[in-house]
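Written below as structure tokens is the structure these notes are about.
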Protein chains: 2
Amino acid sequence: MPSQRQAEPRRATLRDVAERAGVSTSTASLVFSGKGPVAAATADRVRAAAADLGFTGPDPLASSLRQGRVGTVAVIVEGPLRHAFRDPFALAVLDGLAEELDLAGRTMLLVAQPVEHPEQAVAQLATQAVDAAVFPLCGTATNPLVEHLATRGVVMVGSGAPLSPEVGHVLTDERAGQRLAGQHLLDLGHRRLGHVSMMLRPAVATGPVTRADVEHADYPDAAGRARGFLDIAPEGSPMVQVGELTVGAGEEAGRLLLDVPVARRPTAVVCQADVLAAGVVRAAASLGLRVPDEVSVTGFDGVDLPWLGTTLTTVLQPGVAKGHALGAMVRRRLEGEGPVDEPFAVSLRVGTSTAPPPG
Amino acid sequence: MPSQRQAEPRRATLRDVAERAGVSTSTASLVFSGKGPVAAATADRVRAAAADLGFTGPDPLASSLRQGRVGTVAVIVEGPLRHAFRDPFALAVLDGLAEELDLAGRTMLLVAQPVEHPEQAVAQLATQAVDAAVFPLCGTATNPLVEHLATRGVVMVGSGAPLSPEVGHVLTDERAGQRLAGQHLLDLGHRRLGHVSMMLRPAVATGPVTRADVEHADYPDAAGRARGFLDIAPEGSPMVQVGELTVGAGEEAGRLLLDVPVARRPTAVVCQADVLAAGVVRAAASLGLRVPDEVSVTGFDGVDLPWLGTTLTTVLQPGVAKGHALGAMVRRRLEGEGPVDEPFAVSLRVGTSTAPPPG
DNA sequence: CGATTCGATCGAATCGATTCGATCCGCGCT
DNA sequence: AGCGCGGATCGAATCGATTCGATCGAATCG
């Protein structure tokens with residue numbers, strides 16, 4: 001191999017710049033940070049020297065070390081990104097968060113935490129300097145990262161999980177929200193309801209679940225919504241959980257609920273997410289059932305699914321706004337506020353996917 | 001406000017640990033990095049001291065400053081995340097990239113670069129320490145970040161853009177790839193082709209475009225694919241570009257091409273992306289045209305669109321693999337390799353969305 | 001048994017900035 | 001003329017580690 005004999009030009013430092021401008025490094029520092037009074041002429045000399053030397057600005061590392069501020073916020077996402085972000089709602093939250101953090105001059109460090117080995121994320125984050133960590137998507141109730149970050153003194157913010165007194169939350173009342181959708185169906189006259197739940201614990205397959213499964217759930221948000229459904233649903237209403245948050249899984253779940261003798265078939269299906277509801281609508285179509293005439297379907301989130309002919313009746317939870325709220329909470333916590341929980345309001349949006357039951 | 005009189009416990013440092021264990025900080029450092037020979041007994045004492053003091057490990061900032069290695073790779077995404085990642089292909093690339101970087105112990109710093117004010121990203125990145133920067137989605141041909149990062153000596157890798165000798169690329173031969181799809185249609189007997197292009201420049205509206213627009217395009221990938229189409233398409237074939245990479249925009253474009261007198265209507269539409277092709281399929285459906293019997297449609301990427309009844313005939317470009325390739329190139333460049341371009345192979349996958357023309 | 005070598009440990013320099021307190025100078029005020 | 005003040009600048013300490021070279025004792029070798 002060609003021995004690269006170009007004595008590595010060594011990038012210019014603040015000291016080089018100061019020297020060239022004939023000032024002390026302290027003065028040069030003031031020029032770039034703008035924190036102290038510097039004569040205009042001096043400042044110009046320093047800037048000229050910097051330009052000559054190709055000095056782009058103080059080294060972020062050294063600067064952060066001294067100031068004790070990094071400007072980076074870890075964003076923890078459970079599972080592979082292509083799963084987590086397949087849900088448009090997750091994307092919306094992420095986007096709102098990004099906008100809000102931008103405003104505060106902070107950048108997102110994206111950390112994908114493996115579902116099977118969540119502890120691996122600890123090693124990954126241990127070598128990264130961060131001011132705060134956000135759990136933007138409701139994940140498991142407990143998370144090995146919490147202890148690590150807590151002892152490091154890193155501020156944590158989440159949206160329902162992980163559960164810990166150290167984590168501040170932007171909290172949706174999942175239970176009441178889901179009840180809203182269920183009640184709407186009862187009001188329309190439905191009496192046979194089905195439910196499609198998000199994953200109640202990691203690594204499950206799509207299939208029926210019981211009240212007991214809900215009690216022992218690992219994902220607080222899914223459990224909360226399931227409780228909301230149980231609050232209003234007649235005893236024995238069929239419930240199915242999906243293995244992943246996708247239209248395909250929703251369709252599979254929908255078939256499980258709808259492909260049964262008509263006497264047992266629910267006249268309405270309450271889904272914990274719009275993507276799942278979209279799947280159920282597709283399942284209904286493939287079974288020759290018209291929505292909403294023969295089956296009503298509700299979702300959760302209120303995301304945009306232009307390819308679905310129908311506008312879903314759904315529990316509206318503005319994702320971008322939720323991201324903003326998370327970002328704002330990060331900012332407040334970095335300013336010294338303690339870990340508090342803040343409510344995030346949801347509401348029912350009636351679309352064209354619900355109607356009175358047939359007959 | 002309650003004056004917080006808890007004299008800030010000051011987090012333990014390596015020196016504190018060393019002192020408590022009765023060793024020098026150099027030895028303590030060796031214990032944590034495992035870089036030198038340390039007697040087992042000594043190591044245990046140090047670890048015990050660390051546990052007592054709640055010392056989680058060396059401060060990442062100080063460590064990085066000394067070692068000149070941060071472990072962070074900036075990932076630049078043009079436009080709001082909810083737009084960029086609405087395309088499943090983009091997600092797949094991101095995911096592959098994340099996996100590959102993880103393997104190398106590096107973390108992704110996600111930077112959303114505003115389309116209208118791309119220069120704002122410079123300020124954002126200027127305060128962040130990064131080892132490398134990746135442009136995983138083919139963006140505009142030029143980017144203000146390139147100059148900034150180049151003078152900082154940050155390694156850059158992209159997938160087709162920005163165009164600069166400093167940036168190494170994982171390169172899809174867009175033109176040849178798109179030609180594959182076009183040729184397939186010609187072979188089937190089609191003679192009237194239409195084309196749906198991705199954005200040829202930032203901030204455009206969905207609408208017709210000409211050969212000249214292709215020449216002056218700002219997005220190399222869209223331009224390349226358009227050239228591939230032009231290579232094989234009969235003179236005067238209608239072309240439309242979309243304003244955003246979504247199914248909705250594709251549908252709009254599809255209507256523009258297909259909602260015309262039958263004599264002028266293309267019998268096949270070549271699309272630059274699967275999401276756009278999906279939109280065209282929907283447009284055809286809403287116009288009462290059967291796919292593929294009355295209209296053939298081809299896509300690009302080969303992503304999973306379970307909700308679309310059809311399997312698209314498409315130019316297969318495995319996204320996760322491309323992400324891996326990008327990550328691998330980052331690693332090699334950080335090991336000293338220069339900025340080279342590496343080809344990324346694509347192939348035609350024949351699905352159920354193409355057939356011989358009617359009649 | 002003296003010379004070597006090796007393993008374990010330490011001291012000090014270094015990475016590249018920020019910031020506190022001190023110094024210097026010129027100006028206005030009395 | 002003397003005093004005080006504030007703007008501009010500088011020197012030195014500091015942030016929290018890593019690493020190079022030196023030291024020292026014990027084990028190995030001839």
Side-chain angles (χ1 to χ4, degrees), chain A residues 8-47 49-50 53-71 126-131 152-154, chain B residues 8-47 49-50 53-71 126-131 152-154:
Chain A
E8 265 296 335
R10 197 179 67 80
R11 212 150 295 287
T13 72
L14 188 59
R15 172 157 41 192
D16 301 330
V17 173
E19 208 163 304
R20 186 168 229 268
V23 301
S24 72
T25 64
S26 11
T27 305
S29 175
L30 294 181
V31 171
F32 287 100
S33 66
K35 287 190 181 165
V38 176
T42 313
D44 285 343
R45 267 199 347 266
V46 171
R47 273 187 287 265
L53 270 52
F55 178 82
T56 331
D59 181 319
L61 274 177
S63 170
S64 299
L65 174 59
R66 185 66 238 260
Q67 297 188 116
R69 193 255 203 203
V70 199
T127 65
Q128 291 292 149
V130 297
D131 288 334
R152 273 178 66 180
V154 172
Chain B
E8 266 296 335
R10 196 178 68 81
R11 214 150 293 287
T13 74
L14 187 59
R15 169 153 48 188
D16 301 330
V17 173
E19 206 163 306
R20 184 168 231 267
V23 300
S24 70
T25 64
S26 12
T27 307
S29 175
L30 294 181
V31 172
F32 287 100
S33 67
K35 285 189 183 167
V38 176
T42 313
D44 285 344
R45 262 193 0 259
V46 170
R47 272 187 286 266
L53 271 54
F55 178 82
T56 331
D59 180 319
L61 274 178
S63 171
S64 299
L65 173 59
R66 185 67 239 261
Q67 296 188 116
R69 192 255 204 203
V70 200
T127 64
Q128 291 291 148
V130 297
D131 289 333
R152 272 177 66 178
V154 172

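Quick note on labels: first sequence line is chain A, next is B, and so on, each numbered from 1. Because the structure is predicted, anything quoted here is derived from the model rather than measured.
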Measuring from atom CG of L53(B) to atom CZ of R11(B), what distance do you get when rounded to the nearest 0.5 angstrom?
11.5 Å

Please list, chain by chain and in numerical order, all residues satisfying salt bridge (charged side-chain N to carboxylate O under 4.0 Å, His left out) with R20(A), sequence neighbours excluded.
D52(A)

Chain B on DNA chain C: first and last contacting nucleotide, 5' to 3', under 4.0 Å to a heavy atom?
dA8(C) to dG16(C)

Partner set under side chain to side chain donor-acceptor pair (under 3.5 Å) for T42(A), not counting sequence neighbours
none

Holding to side chain to side chain contact (heavy atoms under 4.5 Å, CB included), I want the full list of residues that pass it with T127(B), two or more places apart in sequence or in another chain.
none

Dot-bracket for DNA chain D, please. Rules: Watson-Crick or G-U, both distances under 3.5 Å, ( ) within the strand, [ ] when a pair crosses earlier ones, | for another strand, . otherwise.
||||||||||||||||||||||||||||||

Would you jot down, in residue-number order, the residues of residues 36-45 of chain B having a non-hydrogen atom under 4.0 Å from DNA chain C?
P37(B), V38(B), A39(B), T42(B)

Going by salt bridge (Lys or Arg N to Asp or Glu O under 4.0 Å), name the pairs with one or both residues in residues 26-44 of chain B, residues two or more places apart or in two chains.
D44(B)-R47(B)

Sequence neighbours left out, what passes side chain to side chain donor-acceptor pair (under 3.5 Å) with R152(A)? Give chain and number order.
H148(A)

Who passes side chain to side chain donor-acceptor pair (under 3.5 Å) against S64(A), sequence neighbours left out?
none

With a non-hydrogen cut-off below 4.0 angstrom, is F32(B) in contact with a base, only sugar-phosphate, or nothing?
nothing

Which heavy atom of T13(A) sits nearest a heavy atom of F55(A), and at what distance?
C-CE1, 3.5 Å

Side chain to side chain contact (heavy atoms under 4.5 Å, CB included) partners for S24(B), two or more places apart:
S26(B), T27(B)

Okay, side chain of D131(A), backbone of V70(A): is any donor-acceptor separation there less than 3.5 Å?
yes

Sequence neighbours left out, what passes salt bridge (charged side-chain N to carboxylate O under 4.0 Å, His left out) with D59(B)? Give chain and number order.
none

Tell me which of K35(B) and A62(B) sits closer to the 5' end of DNA chain D, going by the nucleotide each one is nearest to.
A62(B)

Looking only at heavy atoms, the pair that brings A50(A) and V17(A) closest together is N-CG1, 3.8 Å

Expected output is a numbered-order residue list: members of residues 18-31 of chain B with a heavy atom under 4.0 Å from any atom of DNA chain C. What is it?
G22(B), V23(B), S24(B), S26(B), T27(B)

So, taking the atom named CZ in R66(A) and the one named OG in S29(A), what distance separates them when rounded to the nearest 0.5 Å?
10.0 Å

